[in-house]
Each structure stands twice: as structure tokens, then as C-alpha cells.
Amino acid sequence: MRRKIVIGNWKMNMTRMEAKNLLTLVKESVNVSQTDIAFAVPYTVMETVQKVLAESNIMLGSQNVHSEPRGAYTGEISVEMLKDLEVKYCLVGHSERRKYFLETDETVNKKVKALLEANIKPVVCVGETITQREQGIHLELIRTQVKKALADVDIMHIEDVIIAYEPLWAIGTGVTATSDEAEEVCSFIRYIVAEIYGVSISQNIRILYGGSVNENNAKELFSMPNIDGALVGGASLKPTFVEVINAAEE
Ligand code: PGA
């Protein structure tokens, strides 16, 4: 049985005070034992968040990392720096990073490998634009994104990788993929993982859906056999995010 996981992605939001207030409330109101929870937060609030979450079962996540261990990369953050703050999960290749910061499948792959070396779980984001879906090329695109992200990833580490299917047309738009659309692609991703690593490993990999998930649609998405949780943007900034987390447990 795969444990469900719900990850909040705060993007470029939250001061330290706002972070502390929201997480204190979340910590007090969530009631789950079978579900993993993490928040991918801005670097500036990581230390605050890490203190608030100490001795809770909610984990700290990052939204990005650099693939090189150290050096002259002004403005970047290394895997070792994330480890120092006890970061357990790190988003890689979010569509906003691919779009605005020109991340490629190759940089995604380097980051995945650097994170796995350090025992931080990469959350690899893949997904198509509405045009690609309309052209019927979305599954091929996702196959390419998944294969390139996982290129040369050792079978020893593969079960630490989480893959998040986030169709671009559903991110921040209020338009969620239907549970059938999301399930179709998540099960296809599992099939690709099976092609590379075999069926039994593919059954252990966690595959999430992301894109306008909220307290009203989470339960139905989580009921699908190949959806192991969600990556949640906007709705993770509000106290009602607790309802999304609790829905994963049902
Ligand atoms: P959203 O964002 O939930 O606001 O659509 C999801 C994401 O970008 O990870």
C-alpha cells in the first residue's frame, strides 16, 4: 500500500509571521496517521517553518534547488543547505520554473540525482499545455518528461522519487482536471515507470495530481486508484487546506 501524500506549494507567498500563524493552526487541526504532509516553502521562511513543525509529522519541503554542490552560482541554494534545514522533499521542474526560469528536462534530471544522493525526496512535476492536449500529444510529452527526468536514476533510489502530474491549464486557473482525466495520466505515468523499472517498483512509486486542487474536489481525486495525493498551490495558503489533508486519509 502506498501512503498518500499532500504537499502544499506556497510559491512566492508568505512572510515569517504568516507562515507561523498558518502552520500553527494546521498542526493543531490535522488529524491523519496514514498520510504524509509537507510544505514546499520559500527559503526565507524555512527556518521559521522548521521550528514550528518540530516534533510534528509535517515535513519541510523546498520549491527548488541547484544541482551543483557549491560554488559561484549567485542566488542559488544547494542540496547541502537544504539538508542543513532538515528539508525532506524538493519540487523539481515545476511548470513555472520551466516557463519563467527556463528549466529543461536535463536540469531537472541533474537536480533529481543531486537530491537523491542527499536523501531528499524529489517531487518531479510534469504536465502539458492546453494546446498540447488539444493536439493529442500530451501523453507523448509526458512520457518524454518522465523518461528524461529519471534518466540514469539508480533503481536503489527510485522509490524515493515522487511524480506530480500538473496539467498547465489547471494550475492556478480554478479549472481542475476531472478525476478521470487525472487518473488517466497518473496511471500512464505508472506504466512508464514500469517500462523502465518493472511493474513491482512502479506499484511503490507515488504519483500525485496538482492543479486547482481544493477542499471541494480533493476527495474525489484521492479516490482514484493511481492518484496518491496532491500538490496544492493556492489552496495551501488557507486554513481550509486542513480539509484537503484530511480528505487524503478517508
Ligand atoms: P494551484 O497550483 O493549486 O494553485 O493550481 C498547483 C501548483 O502549481 O503546484
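Counting starts at 1 for both ligands and their atoms, following the listed order.
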J.: Taking NZ, NE, NH1 and NH2 as the nitrogens, is one of them in E249 or K4 under 4.0 Å from a carboxylate oxygen of the other?
T.: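 Salt bridge flag = no for K4 with E249.
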J.: Hey, what do you get for CZ (R2) to CG (N226), rounding to the nearest 0.5 Å?
T.: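 Answer rounded to 0.5 Å: 6.0 Å.
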J.: Please work out, at 4.0 Å between heavy atoms, whether the side chain, the backbone, both, or neither of N9 comes within that distance of ligand 1.
T.: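 For N9, only side-chain atoms sit under 4.0 Å from ligand 1.
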J.: Nearest 0.5 Å please: distance from the CD atom of E103 over to the NZ atom of K110.
T.: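 That separation rounds to 11.5 Å.
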J.: With a cut-off of 4.0 Å, which atoms of ligand 1 are near a heavy atom of H94?
T.: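 Answer, ordered by atom number: 7 (C), 8 (O), 9 (O).
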J.: So which protein heavy atom does atom 4 (O) of ligand 1 come closest to, and at what separation?
T.: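 The answer is G234 N, 2.8 Å.
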J.: Can you find a pair of side-chain heavy atoms, one from V242 and one from N246, that are under 4.5 Å apart?
T.: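 Answer yes - side chains close enough.
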J.: Calculate, to the nearest 0.5 Å, the distance between atoms CD1 and CE belonging to I5 and M59 respectively.
T.: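 CE of M59 is found 9.5 Å from CD1 of I5.
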J.: Flag the pair K88 and D36 as a salt bridge only when some basic side-chain nitrogen lies within less than 4.0 angstrom of an acidic carboxylate oxygen.
T.: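 Judged by the 4.0 Å cut-off on N to carboxylate O distance, K88 and D36 do not form a salt bridge.
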J.: Tell me the contacting part of S236 for ligand 1: side chain, backbone, both, or neither, using a 4.0 Å heavy-atom threshold, strictly below.
T.: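 Neither; no heavy atom under 4.0 Å.
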J.: Salt-bridge test for R98 and D105: reply yes if a basic N is under 4.0 Å from a carboxylate O, no otherwise.
T.: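 The answer is yes: the pair qualifies as a salt bridge.
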J.: Within the 4.0 Å heavy-atom shell around K11, which atoms of ligand 1 are there?
T.: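 Going through ligand 1 atom by atom, the ones under 4.0 Å from K11 are 2 (O), 7 (C), 8 (O).
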J.: Which of the atoms in ligand 1, numbered in the order shown and given with their element, are less than 4.0 Å from a heavy-atom of L231?
T.: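 Counting atoms of ligand 1 from 1, those under 4.0 Å from L231 are 9 (O).
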J.: Whether E140 and R143 form a salt bridge (side-chain N of Lys/Arg under 4.0 Å from carboxylate O of Asp/Glu) is what I want to check.
T.: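 Counted as a salt bridge, because a side-chain N and a carboxylate O are separated by less than 4.0 Å.
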J.: Using a 4.0 Å cut-off to any heavy atom of I171, which atoms of ligand 1 qualify?
T.: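 Contacts of ligand 1 toward I171, numbered from 1: 2 (O), 5 (O), 8 (O).
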J.: Check contact between A235 and ligand 1, using heavy atoms of the residue and a distance below 4.0 angstrom.
T.: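 Outside the 4.0 Å threshold, so no.
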J.: Strictly under 4.0 Å, does any heavy atom of A170 approach an atom of ligand 1?
T.: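 The answer is yes: ligand 1 sits under 4.0 Å from a heavy atom of A170.
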J.: For a quick check under 3.5 Å, do Y165 and E183 share a side-chain donor-acceptor pair by atom type?
T.: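 Side-chain D/A pair, Y165 to E183: absent.
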J.: Against heavy atoms of G211, which atoms of ligand 1 measure under 4.0 Å?
T.: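 This gives 5 (O) as the contact atoms.
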J.: Suppose we measure from atom 3 (O) of ligand 1 to each protein heavy atom; which comes out shortest, and what is that distance?
T.: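 Sorting protein heavy atoms by distance from atom 3 (O) of ligand 1 puts G233 N, 2.8 Å first.
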J.: Using distance alone, determine whether E166 and ligand 1 share an N or O pair under 3.5 Å.
T.: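 Looking only at distances, the answer is yes, because the N/O contact criterion of under 3.5 Å is met.
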J.: Looking only at distances, please establish whether an N/O atom of ligand 1 is found under 3.5 Å from an N/O atom of G210.
T.: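 No, G210 has no N/O under 3.5 Å of an N/O on ligand 1.
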J.: Is there a polar contact, in the sense of an N or O pair closer than 3.5 Å, between G172 and ligand 1?
T.: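 Such a contact does occur with ligand 1.
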